[in-house]
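In what follows, a single structure is set out as structure tokens and then discussed.
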Protein chains: 2
Amino acid sequence: MGPGPSDVHPRILEALGRPTIGHLDPDFVAMMDEIKTLLKYAFQTDNELTLPVSAPGSAGMEACFVNLLEPGDKAVVCVNGVFGNRMVENVTRCGATAVRVDQEWGKPVDPDAVSAALEANPDAKVLAFVHAETSTGARSDAETLCNLAQRHGCLSIVDTVTSLGGIPLYVDRWKADAVYSGTQKCLSCTPGLSPVTFSDAAVAAIKARKHPVQSWFLDMNLILGYWGEGAKRAYHHTAPINALYALHESLVMLQEEGLENAWQRHATMHRALAAGLQSMGIEFVVAEAARLPQLNSVYIPEGIDDAQVRQYLLSKHNLEIGAGLGDFAGKVWRIGLMGYSARRENIELLIRALSDAMREQGRSVDTDAALSAVSAALAP
Amino acid sequence: MGPGPSDVHPRILEALGRPTIGHLDPDFVAMMDEIKTLLKYAFQTDNELTLPVSAPGSAGMEACFVNLLEPGDKAVVCVNGVFGNRMVENVTRCGATAVRVDQEWGKPVDPDAVSAALEANPDAKVLAFVHAETSTGARSDAETLCNLAQRHGCLSIVDTVTSLGGIPLYVDRWKADAVYSGTQKCLSCTPGLSPVTFSDAAVAAIKARKHPVQSWFLDMNLILGYWGEGAKRAYHHTAPINALYALHESLVMLQEEGLENAWQRHATMHRALAAGLQSMGIEFVVAEAARLPQLNSVYIPEGIDDAQVRQYLLSKHNLEIGAGLGDFAGKVWRIGLMGYSARRENIELLIRALSDAMREQGRSVDTDAALSAVSAALAP
């Protein structure tokens, strides 16, 4: 129940361990086509260029930046947590200039501040932001931000690592241009792959580049030769066959559940967890309207030892929760309710185990009251 | 029995499917330390900076080039197959200049030509070459080439994707500086990771850079924060936990067998396969002295249809062999004997299945004679 990797469903682990076949085997190529179709559903897009990058989410982030930006370009980057800062790093390593729009950690990106930055930088090519900040638990208004990008003639780059499969995400409806995610959050798959999708406008920008993409491994022009529809599959790199079996299974499970049902489940489980934690006197970092159901950042209660609690949970209850990152280190816990982790039994385990850990530190906790609050929140 | 991914041992598939734990979990961190130790054994090195990059071999290649080269640098690159060409692409995308030393496909790199190129380019910073060319089956003399690099004050970048675990490779003894490999060849692990190792000289060059590494994801300065010895493990990217379980298991198996025994097994199985194929009138592309035991490139016999044979083997015998790449397309088959694939039963299956496929095309083949030749080669 950390900030990811989430619990991986046994069906997905079983798929992962299937015998490895060749990356040009016709059966494997047919599965690649299914993955693309299933990813389009998950992203709610018809984008042809929708596929998993063969590396973790950080590489998916880099794929978006190195394909869209060239030396001398300018990008407006919203920073309200760790991953916005990482985006700035990506921009500068492309030889481009980043215009930062900073926001206090724990708050969503401020559309007015973004609008002002875009007004002040009419030469910006890209607006980049994080939909669901894993370091803080804040959800930004992706639709409004994508619209702002459109109005100012910018391409949008959207980090959906923690949002995909967990909260509403409509790539086409919102007209997002370059979107990357991860497999190890709300898809409940193993870590190591980064689903990405690029709009027609983004593809046109890639084709109009003056300089080659600085990364050979992440050059979408080359990757398309292997993942492209209908075309003869040209060898680019050896695909991570087994990881793709697992991603396929996780996307089949998402389709079986239904995307809206998955979003609903995350929302419901979050309300139950929040009721339980608040009954224990634990407060959320993020205001209710901007709270991510799948990533619950809460303040560590006064006088409670952060590391001791996390160590106790792990050793006594086999339960992981996340530490605070950056500015939040030592002040905040991050409790994940992602994918297969977003279940009633996990919430009850967390409440019991955390009560136990706090009692170890001399705090009196009414576990039964907290569990009743969870039950009440889940009552039909 | 293609050019990789090779057959994955059931023990490794079992390890792959184990429950996913957190990438900062103390048990996982302990396993990371074991992986580093086991990789040092496999590479025969004491290099501290020895770890698996969280992406396939192509990303390992890119990691070596983007960390060692800066804009304006010069690299001498040996090209005797597909992967030498890819190295040239990597050099130019770093903003550096590549001096090519071309060699006919199927032949090893010519040390005299390399020596001349290094003489003519005293400002070269790097000498890059492929130890075991997967596209042709040729083995180059890595020790001699690394010595040449040393004598000319160059850092060596060595592709050992297909050699690691299959033929002698001594990173420290040969003084190789930046070496990358893959998991899906002679380690018999699933594809998706790239073990790398960097010498002290390579690390010093990385630390002395004037420009930041152009890739955030592959920046060794940052990756070391997560993989570094003793240090507090700083989050860089989410490690591909399950893939690392599998790599760990494959390296444990290599240690159990013993590196020299693994090399010997590949050599023995290659001699047996060669005896069988030659008894069928099938000829090798590479001269005997430079032949890779694990990657057998053979000419497609006159009048035999390439695609039909490969299709027949796959559909009737569940057996994959590789097509020719680039200049060798349609002319050559590549038969892998890598890791778990390098077994007597696989060789006999290949001989029977290939005889069968050739008979389908009206060719008379004495399968029993070929199998006897295999047996004779394996007799003590």
Side-chain angles (χ1 to χ4, degrees), chain A residues 2 4-8 10 13-26 53-59 61-62 65-66 82 86 89-90 92-95 182 184 190-193 212-219 235-243 246 311 314 320 322-323 325, chain B residues 2 4-8 10 13-26 53-59 61-62 65-66 82 86 89-90 92-95 182 184 190-193 212-219 235-243 246 311 314 320 322-323 325:
Chain A
S6 56
D7 253 10
V8 177
L13 290 173
E14 185 279 325
L16 184 64
R18 287 179 196 151
T20 310
I21 62 173
H23 60 112
L24 297 167
D25 188 303
V53 168
S54 301
S58 305
M61 177 190 286
E62 192 159 319
F65 284 93
V66 297
V82 166
R86 186 170 297 185
E89 271 291 326
N90 270 269
T92 56
R93 288 176 192 234
C94 291
Q184 79 282 12
T190 46
L193 298 176
V213 174
Q214 68 191 35
S215 169
W216 185 92
F217 176 60
L218 298 173
D219 184 341
Y235 164 62
H236 175 252
H237 64 275
T238 302
I241 312 292
N242 292 67
Q311 173 55 31
L314 194 60
E320 184 190 64
L325 279 183
Chain B
S6 57
D7 254 9
V8 178
L13 291 173
E14 186 278 325
L16 184 64
R18 287 179 195 150
T20 310
I21 62 173
H23 60 110
L24 298 168
D25 188 304
V53 167
S54 301
S58 305
M61 177 189 288
E62 193 159 319
F65 284 93
V66 298
V82 166
R86 186 170 298 185
E89 271 291 326
N90 270 270
T92 57
R93 288 176 192 233
C94 292
Q184 79 282 12
T190 46
L193 298 176
V213 174
Q214 67 191 35
S215 169
W216 186 92
F217 176 61
L218 298 173
D219 184 340
Y235 165 62
H236 175 253
H237 65 275
T238 303
I241 313 290
N242 292 68
Q311 172 56 30
L314 193 60
E320 184 190 66
L325 278 184

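Numbered from 1 within each chain, the chains take letters A, B, ... in sequence-line order.
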Q | B:R18 versus chain A, the contacting section by heavy-atom distance below 4.5 Å | A |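 Only the backbone of B:R18 comes within 4.5 Å of chain A.
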**Q.** chain A contact via B:Q214 - which portion, at a heavy-atom distance below 4.5 Å
**A.**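 Contact with chain A involves both backbone and side-chain atoms of B:Q214.
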Picking from [options], which has the most non-hydrogen pairs under 4.5 angstrom with chain A?
options                    : answer
B:D25, B:L24, B:L16, B:V8  : B:L16
B:G22, B:G2, B:S215, B:G57 : B:S215
B:V53, B:T92, B:V213       : B:V213
B:G192, B:P5, B:A15        : B:P5

Q: Could you tell me which non-hydrogen atom of A:H237 sits nearest to which non-hydrogen atom of B:S58, and how far apart they are?
A: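 Looking at all heavy atoms of both residues, the closest pair is CB-OG, 3.3 Å.
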(Q) Testing the basics here: between B:T238 and A:P191, what is the closest heavy-atom pair and its distance to 0.1 Å? (A)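 Scanning both residues, the minimum pair turns out to be CG2-CB, 3.7 Å.
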Measure the spacing between [atom1] of [X] and [atom2] of [Y] and express it to the nearest 0.5 Å.
X      : Y      : atom1 : atom2 : result
A:R86  : B:F217 : CZ    : CZ    : 10.0 Å
A:D219 : B:E62  : CG    : CD    : 9.5 Å
A:Q184 : B:N242 : CD    : CG    : 11.5 Å

Q: Between chain B and each of A:W216, A:Y235, A:F65, count heavy-atom pairs under 4.5 Å; write down the option with the most.
A: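 Option with the top pair count is A:W216.
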Q: With a 4.5 Å cut-off on heavy-atom pairs, point out which of A:A59, A:A323, A:G182, A:A55 contacts chain B the most.
A: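 Going by pairs under 4.5 Å, I would pick A:A59.
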Using non-hydrogen atoms only, which part of [X] is less than 4.5 Å away from chain B: side chain, backbone, both, or neither?
X      : result
A:V66  : neither
A:A239 : backbone
A:L314 : side chain
A:A243 : neither
A:L193 : neither

